[in-house]
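Data first, discussion second: the structure below is written as structure tokens.
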Amino acid sequence: MKSDIEKVVQTVCESLYGVSISSSIVRTEKKFGDFSSNIAMQLTKQLKRPPMDIAKEIIHEIEDNNIFSKLDVLKPGFINFTVKDVMLIESLKLTNDLQKFNSSKQILIEYGDPNPFKEMHLGHIYTAIIGDTLASLLESSGADVKRLCYQGDVGLHVAKAIYVVGEYMKWNLDGLEEAYASHSLGYFYASGEKAYNENETAKTKIQGINQNIYKKDNDIVNKIYDLGKKISYERFDKTFDDIGVYFDKKYFESESSKIGEKLVRDNIPKVFEKSDGAVIYRGEKDGLHTRVFINSRGFTTYDAKELGLTVLKHGDFPKADISIIITAAEQDEYFKVVLAALAKIDPKLAQKTIHLSHGFLSLTSGKMSSRTGKVFTGADLVSQVHQMVDLKYKDSKVKKEIFLAALRYTFLRQRIGIDIVFDVEQSIALEGNSGPYLQYAHARACSILAKAKNIDTKFGDKTLQSDERDLVVKICDFPDVILEATKLYLPHQICTYLFELAKEFNSFYEKNRVIDDPRMNLRLAIARSYKDVLEEGLRLLHIPSPESM
RNA sequence: GCCUCCUUAGCUCAGCGGAUUAGAGCGCUUGUCUUCGGAACAAGAGGUCGUAGGUUCGAAUCCUACAGGGGGCACCA
């Protein structure tokens with residue numbers, strides 16, 4: 001609806017002043033009308049005329065129309081639009097017409113990259129949910145979306161874990177499965193990390209193991225590695241599955257490493273240079289910092305692997321128009337450097353690549369970690385939220401659905417990019433502004449609709465009462481909200497919208513009857529659209545909307 | 001030290017150039033309570049939007065400085 005009004009204003013401004021203007025229409029407070037435009041103020045400098053005059057001239061020009069019931073100009077020069085009730089009722093039917101502005105585009109999106117031999121932590125859950133939701137939104141805009149996962153299956157962190165496993169087993173493989181089964185992956189890695197930093201012999205050994213892993217030249221290391229990798233993936237897949245996240249394709253650092261190395265070596269000295277035996281990129285020339293791409297022992301770092309990954313991705317999906325990578329904000333600076341280097345190697349590829357980051361996730365209480373001395377992992381979070389749902393919704397048949405709503409909504413409702421202070425007990429909300437609240441609102445609407453025998457969509461009255469109108473206006477916002485949230489990569493806007501919508505309906509529902517009311521047919525039509533929008537909105541967030549709870 | 005992000009009610013967050021009282025959830029106080037599903041609704045208390053300047057017709061929103069906090073700064077990922 002917003003874009004329709006936008007067009008009206010644009011054509012008027014063009015015919016009146018010969019200027020083309022960008023967007024100026026925004027939703028406004030109820031007391032002013034439905035929409036407002038500040039276009040007159042924007043034009044005042046250009047035209048050198050008072051904004052009030054311009055505004056009046058513009059509304060005079062649109063006076064004859066069948067869209068607005070009221071047009072007026074206020075104070076400094078706002079134009080306020082009130083849409084006819086008939087128009088609102090008509091556009092109820094159009095709420096599922098989402099703009100396919102990405103049709104014919106292929107978009108790659110990479111998110112939630114846990115590393116084998118390390119624990120999947122809260123940040124991975126966060127990244128995965130954001131990425132998965134963004135992927136869903138992009139799909140709704142018509143794009144052919146490929147969901148990618150990238151996992152660091154080689155590198156020092158793996159060697160550190162394997163060193164500890166090996167020492168624990170005294171480098172004898174009998175009982176290897178039990179060893180893995182009885183310890184968390186994080187335990188091995190953390191111990192390896194400690195040994196690497198505190199013990200010179202261990203450090204040397206770990207570096208040796210790192211070489212073994214790359215070259216696959218040590219049978220025992222291979223076996224510890226293979227089983228550990230397998231177990232890691234099984235556990236990750238389980239957790240991803242629990243939170244409703246999936247991937248079309250997985251990439252591994254063992255693949256990207258060689259390609260990255262070649263790419264870097266081929267671009268010496270054009271892009272990279274040698275320094276102290278390492279191959280580096282001098283980021284200072286771009287206002288950034290220097291990073292090592294190949295270390296002095298000849299191993300590729302994360303940076304070179306990232307370049308290799310880019311090549312791999314575009315080799316698999318040569319038609320891809322955009323490649324999005326989602327990580328935590330702590331990698332912002334790193335990505336700037338890698339992308340700057342990539343821009344020098346292949347400007348086109350670099351241009352297609354977008355790095356999005358979300359903020360740092362910290363636990364408030366710290367109870368969870370200090371008490372047991374263990375890190376609070378992604379799997380821990382999943383099981384704790386399951387427990388909370390089980391407790392509160394004892395008799396529900398849709399606990400799994402409620403779980404998904406509670407968990408996903410918690411991470412999605414906040415703007416991407418800002419830090420999250422997380423407290424399991426408080427952050428995972430089951431009431432108020434929460435996933436389950438929306439599900440409940442949906443189930444309620446379903447229940448009303450089920451009671452109505454048959455919905456007669458023909459209703460004579462095409463005017464809306466105040467309460468009805470508020471609701472309808474909100475429902476009609478849906479396509480605009482989705483469009484904006486997708487274009488700006490801000491899924492939280494959908495959460496905010498759905499919550500406001502549900503509140504609007506609950507408030508309406510409290511004051512007005514639907515069934516057996518003289519205005520039943522109209523109200524049922526509104527309730528149906530409301531239910532559809534809620535359902536579709538939740539679907540885009542990958543939150544199920546059961547019909548009863 | 002350099003770079004970067006952040007600072008809005010007791011807590012967690014929306015608002016990100018607009019229109020006399022800056023919004024929500026939780027928590028707190030009070031009411032609705034044989035209900036088209038109360039997992040709900042209605043009302044109240046609670047904020048000089050980190051500080052100081054600047055730009056603008058107009059600033060929580062843009063710019064600058066400062067303070068406080070997070071993150072990053074060569075062989076980790």
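Order of the sequence lines fixes the chain letters, A, B, ..., with proteins taken first and strands second; residue numbering starts at 1 for each chain.
- You'll find that the side chain of Tyr437(A) is closest to C41(B), out of C41(B), G70(B), G18(B).
- Remark: the backbone N or O of Ser254(A) is paired with a side-chain donor or acceptor of Asp153(A) at under 3.5 angstrom.
- For Phe335(A), the ring-ring contact (aromatic ring centres under 6.0 Å, His included) test picks out His355(A), with sequence neighbours left out.
- Look at CE on Met549(A): it is 10 Å from P on A40(B), rounded to the nearest Å.
- When the side chain to side chain donor-acceptor pair (under 3.5 Å) test is applied to Glu193(A), the partners found at least two apart in sequence or on another chain are Lys160(A), Tyr189(A), Asn197(A).
- Against the 90° criterion about 0, the sugar-base torsion of A9(B) places it in the anti range.
- For Glu330(A), the listed nucleotide lying nearest its side chain is G71(B); candidates were G71(B), A77(B), A74(B).
- In this pair, Tyr225(A) and Phe117(A) present their aromatic rings parallel. The plane angle is below 30°, not in the 30 to 60° band.
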Atom pairs, N/O to N/O, protein against nucleotides 34-36 of chain B, distance under 3.5 Å?
{"residue": "C36(B)", "atom": "OP1", "partner": "Arg513(A)", "partner atom": "NH1", "Å": "3.3"}
{"residue": "C36(B)", "atom": "O4'", "partner": "Arg513(A)", "partner atom": "NH2", "Å": "3.3"}
{"residue": "C36(B)", "atom": "O3'", "partner": "Lys451(A)", "partner atom": "NZ", "Å": "3.3"}
{"residue": "C36(B)", "atom": "O2", "partner": "Ile515(A)", "partner atom": "N", "Å": "3.4"}
{"residue": "C36(B)", "atom": "N3", "partner": "Val514(A)", "partner atom": "N", "Å": "3.2"}
{"residue": "C36(B)", "atom": "N4", "partner": "Tyr509(A)", "partner atom": "O", "Å": "2.8"}
{"residue": "C36(B)", "atom": "N4", "partner": "Asn512(A)", "partner atom": "O", "Å": "2.2"}

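- Every residue two or more places apart in sequence or in another chain that forms a side chain to side chain contact (heavy atoms under 4.5 Å, CB included) with Val311(A) is listed here: Ile259(A), Leu263(A).
- Every residue two or more places apart in sequence or in another chain was checked for a side chain to side chain donor-acceptor pair (under 3.5 Å) with Thr82(A), and none qualifies.
- Listed by first and then second residue, the ring pair (Phe, Tyr, Trp, His ring centres under 6.0 Å) pairs involving residues 509-530 of chain A are Phe505(A)-Tyr509(A), Phe505(A)-Tyr530(A) (not counting sequence neighbours).
- Listed by chain and residue number, nothing satisfies the salt bridge (Lys or Arg N to Asp or Glu O under 4.0 Å) test with Lys274(A) (two or more places apart in sequence, or in another chain).
- Here, C73(B) and C16(B) have their P atoms 33 Å apart, quoted to the whole Å.
- In this view, Phe240(A) and Phe247(A) satisfy the ring-ring contact (aromatic ring centres under 6.0 Å, His included) rule, not counting sequence neighbours.
- Scanning for side chain to side chain contact (heavy atoms under 4.5 Å, CB included) contacts around His492(A) gives Arg415(A), Leu490(A), Thr496(A), with sequence neighbours left out.
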Which nucleotides of nucleotides 20-27 of chain B have their base under 4.0 Å from a protein heavy atom (B), which only their sugar-phosphate (S), and which neither (-), written as one string 5' to 3'? S---SSS-

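- Set against G37(B), C76(B), U4(B), the side chain of Glu333(A) has U4(B) as its closest nucleotide.
- Two residues, Ser396(A) and Lys160(A), neighbour RNA chain B, and the one matched to the more 5' nucleotide by heavy-atom proximity is Ser396(A).
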Base-pair map of RNA chain B as dot-bracket, where | denotes pairing with a different strand and pairs are Watson-Crick or G-U under 3.5 Å: (((((((..((((.........)))).(((((.......))))).....(((((.......))))))))))))....

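- Contacts of Glu510(A) classified as side chain to side chain contact (heavy atoms under 4.5 Å, CB included), with partners at least two apart in sequence or in another chain: Arg444(A).
- Residues His289(A) and Asn210(A) both approach RNA chain B. Their nearest nucleotides, taken by heavy-atom distance, put His289(A) toward the 5′ side.
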